[in-house]
Amino acid sequence: MTLEHKRVLSDADFEPWFEKAQKLSQLFREIGMKYDVENTFAYPTIKPFKESKIGALGIPVEFGGPGGNILQISKVVSEMSRGDSAITLAYNMHFIMFGIAMANMSDEQNKYWGGRVCGGELIFGPFSEQRAGFSGLADTRAIPQPGGGWKLYGKKTWGTLSEAADIITSSATITDAEGNLPEAFEDRVSSEMMYIADWSVDEDGNGDGVRIEKSWNALGMHATGTHVIHFDGFFVPESGYICEARTGLFSSLEWASLMFASIYYGMSQRVLEESRAVLSKKTLGAVFGAVAASDVKVAGVGHIIDGVGDMACKVEQNRRILWQTCNDLIDGYEDEWPLELRVPYIGLAKTTVAANTTHMAQKAMSLVGGSAFRKGTIFERLYRDSCAAMYQPLNADQTYTYIGEYLLQPEELND
Amino acid sequence: MSVFKDADEVYKYIGGAFATAVSDPKFIEATKGTGLVIRLIQTDPDCEMIIDWEGQKVLTGAAADGVPSSVQLRMSSDNSNKFWQGKLNFTLAMAQRKVKLDGKRSLALKLLPLTPGIFESYLATLKAEGREDLIVS
Ligand SMILES: Cc1cc2nc3c(=O)[nH]c(=O)nc-3n(C[C@H](O)[C@H](O)[C@H](O)COP(=O)(O)OP(=O)(O)OC[C@H]3O[C@@H](n4cnc5c(N)ncnc54)[C@H](O)[C@@H]3O)c2cc1C
């Protein structure tokens with residue numbers, strides 16, 4: 001089935017869900033700095049997040065949820081990200097994976113797994129592997145078992161939210177009984193499955209046939225706890241098969257690109273907020289530089305006024321492209337796009353928001369001045385965290401490739 | 001060298017399978033009110049068909065010229081033979097530009113749930129015509 005984008009939850013009924021997001025956002029804001037420094041997942045957020053049941057916002061009414069749509073989910077993600085983008089990026093994996101899984105699961109699967117999400121459970125989705133990130137066909141092997149189902153062997157290198165999740169959705173390539181991957185490329189594509197299964201690990205990250213290697217150490221997004229996941233005989237029952245992975249991912253990739261766009265839109269709001277807070281008050285006093293005067297406030301300096309104005313424009317551009325793209329899906333405007341360009345056109349929201357936000361985070365460093373460069377300031381953290389925007393799918397380079405190829409393609413088919 | 005001798009063979013087997021499908025009550029019910037009219041364009045051998053689900057008719061060759069359609073599907077005749085048996089990975093074929101699909105997405109999606117039934121119809125046509133050689137294993 002495909003999950004239709006529609007308007008079900010009224011603005012009034014959405015309000016309490018947004019209030020939950022505001023509360024969580026406040027909590028994330030209070031503790032975000034601590035977990036950035038400690039470089040670990042923000043464990044105290046797990047209980048309040050699960051208890052809020054906000055993870056169920058998008059579950060359709062027929063499967064027991066309130067039926068929030070992609071725009072409403074985008075709004076709660078951005079609101080939480082305004083509090084702390086790294087902590088929210090972790091929980092964002094849940095919204096992404098629930099969307100992708102629900103768009104591809106059978107009604108029976110949706111009823112079962114949707115019910116669990118309504119109860120507060122969380123999903124994570126480690127798809128990317130070492131060799132070629134998200135676009136690499138899974139080297140993780142799913143070996144068929146005599147009694148049905150598969151045992152998984154391999155490694156996923158980007159496992160955000162693994163320490164808080166109760167459910168895993170991921171990809172693996174179905175092999176023969178001896179564990180050999182299909183040789184022909186087409187068979188390999190067809191044998192790559194998306195699956196869903198129970199996820200249970202102890203405090204040290206050890207579970208049945210699975211292990212979290214707690215090795216996250218990166219430039220930014222410290223509090224995401226994006227660890228390496230090792231599969232060594234992890235069992236997935238036949239009932240956990242969702243679909244052929246690439247078909248499923250590409251038909252519902254909006255859940256990844258628009259949710260990531262929501263993260264960076266929230267981050268851009270925070271960059272503007274923090275920049276205003278500093279730049280509206282900062283006084284330079286007596287200076288001799290581009291301006292030479294006895295008592296200079298930065299709020300009166302031309303390039304700073306323009307810089308803040310530019311930031312505010314970028315925040316508004318972010319909101320427009322993100323919300324309009326969500327509405328394009330909900331209102332069916334996507335019908336006007338060439339079919340092949342659906343994925344990159346949706347991706348444009350993410351690449352535009354990402355470019356605006358990374359630009360803003362860097363600009364804030366320069367407008368605020370050298371103090372922003374010191375460890376522990378919000379600006380250097382936003383700057384580091386914003387760099388992650390380059391990586392999540394679709395990235396800008398591949399978006400341009402898709403569109404350029406379409407525009408330049410010859411009339412003949414590629415046989 | 002295509003698996004089909006000429007366009008007439010394509011019309012007989014693929015067109016024949018669609019002719020059966022469009023008048024099948026389960027397809028009539030499933031396509032009611034959809035406005036789904038597919039233009040199927042094949043190369044090697046070159047041929048063109050209109051599959052009008054609501055009008056319950058299949059037009060081939062010159063009869064299909066200029067007839068309006070809501071979804072256009074273009075592929076080689078060999079890939080079409082595979083596709084209508086459920087043996088072509090459509091996502092991959094699209095990504096590699098071996099298949100071109102044009103039209104409104106909301107309409108193209110209406111084709112999806114029909115495909116298992118069309119596969120059955122095509123395989124049954126090939127078997128009934130004694131053309132097991134066209135069946136992809
Ligand atoms: C903070 C953070 C959290 C993340 N969490 C998750 C997670 O929970 N789950 C998950 O699955 N992933 C996650 N990712 C991974 C993210 O999706 C990867 O960065 C992504 O998969 C790209 O892979 P890569 O960075 O290894 O680059 P590669 O894929 O190795 O790319 C290298 C270069 O090749 C290009 N390239 C790659 N493939 C193609 C192609 N098919 N065609 C043309 N060019 C190509 C790229 O554009 C790039 O220039 C996370 C990333 C970050 C930063």
Side-chain angles (χ1 to χ4, degrees), chain A residues 1-6 103-104 106-107 135 137 182 184-194 243-254 328-346 398 401-402 404-415, chain B residues 1-4 10 30 34-36 38-48 69-83 85-116 119 136-137:
Chain A
M1 68 165 278
T2 52
L3 186 63
E4 274 180 61
H5 296 291
K6 43 191 178 185
N104 290 289
S106 65
D107 282 356
S135 94
L137 292 171
F185 178 61
E186 192 169 340
D187 293 341
R188 195 154 172 185
V189 174
S190 304
S191 303
E192 192 191 27
M193 68 163 167
M194 189 194 298
C243 61
E244 192 187 295
R246 297 293 143 173
T247 303
L249 288 170
F250 277 86
S251 63
S252 55
L253 208 64
E254 62 264 33
D328 283 351
L329 299 182
I330 295 166
D331 298 330
Y333 183 76
E334 55 168 325
D335 260 356
E336 307 302 319
W337 304 335
L339 276 158
E340 283 116 309
L341 295 187
R342 181 176 192 266
V343 166
Y345 272 15
I346 292 172
Q398 289 189 46
T401 303
Y402 273 111
E405 262 185 357
Y406 174 82
L407 294 174
L408 298 174
Q409 69 193 4
E411 188 50 27
E412 306 82 58
L413 294 167
N414 210 2
D415 282 303
Chain B
M1 183 63 187
S2 168
V3 293
F4 294 105
V10 176
T34 58
L36 187 61
I38 303 170
R39 175 173 293 278
L40 177 58
I41 304 160
Q42 296 184 191
T43 53
D44 189 24
D46 289 352
C47 39
E48 210 154 322
S69 58
S70 51
V71 172
Q72 298 84 43
L73 200 48
R74 199 151 64 89
M75 63 187 104
S76 72
S77 294
D78 279 6
N79 277 334
S80 185
N81 179 50
K82 284 187 202 153
F83 179 56
Q85 294 180 41
K87 291 283 165 49
L88 184 76
N89 187 311
F90 197 72
T91 310
L92 177 61
M94 283 268 292
Q96 295 186 324
R97 255 184 12 84
K98 291 180 175 170
V99 171
K100 282 273 298 167
L101 178 63
D102 292 301
K104 291 188 190 303
R105 181 174 184 267
S106 56
L107 268 174
L109 282 179
K110 300 225 157 66
L111 179 61
L112 263 183
L114 306 181
T115 50
F119 301 159
V136 181
S137 55

Task: Separation of B:L73 CG from B:Q42 CD (nearest 0.5 Å) - done: 8.5 Å

Task: Under 4.5 Å from a heavy atom of chain A, the part of B:D78 involved - done: neither

Task: Largest heavy-atom contact set with chain B, pairs under 4.5 Å, which of A:Q409, A:E405, A:E244, A:E336 - done: A:Q409

TODO: Could you look at A:E412 and say if it's the side chain, the backbone, both or neither that has a heavy atom under 4.5 Å from chain B?
DONE: backbone

- [ ] State the CD1-NZ distance between A:I330 and A:K6, to the nearest 0.5 angstrom.
- [x] 12.0 Å

Open item on the list: As a test of understanding, state which of A:E334, A:E4, A:E254 forms a salt bridge (charged side-chain N to carboxylate O under 4.0 Å, His left out) with B:R105.
Closed with: A:E334

TODO: Heavy-atom distances under 4.5 Å only: say whether B:L92 touches chain A with side chain, backbone, both or neither.
DONE: side chain

- [ ] Verify the distance criterion only: is there a donor paired with an acceptor across the side chains of B:D44 and B:S76 at less than 3.5 Å?
- [x] no

TODO: Pick one of side chain, backbone, both or neither for B:T43, based on which atoms fall under 4.5 Å of a heavy atom in chain A.
DONE: side chain

Open item on the list: Rounded to the nearest 0.5 Å, what separates atom CG in A:L413 from atom CD1 in B:I41?
Closed with: 9.5 Å

- [ ] Between chain A and each of B:K100, B:R97, B:R74, count heavy-atom pairs under 4.5 Å; write down the option with the most.
- [x] B:R97

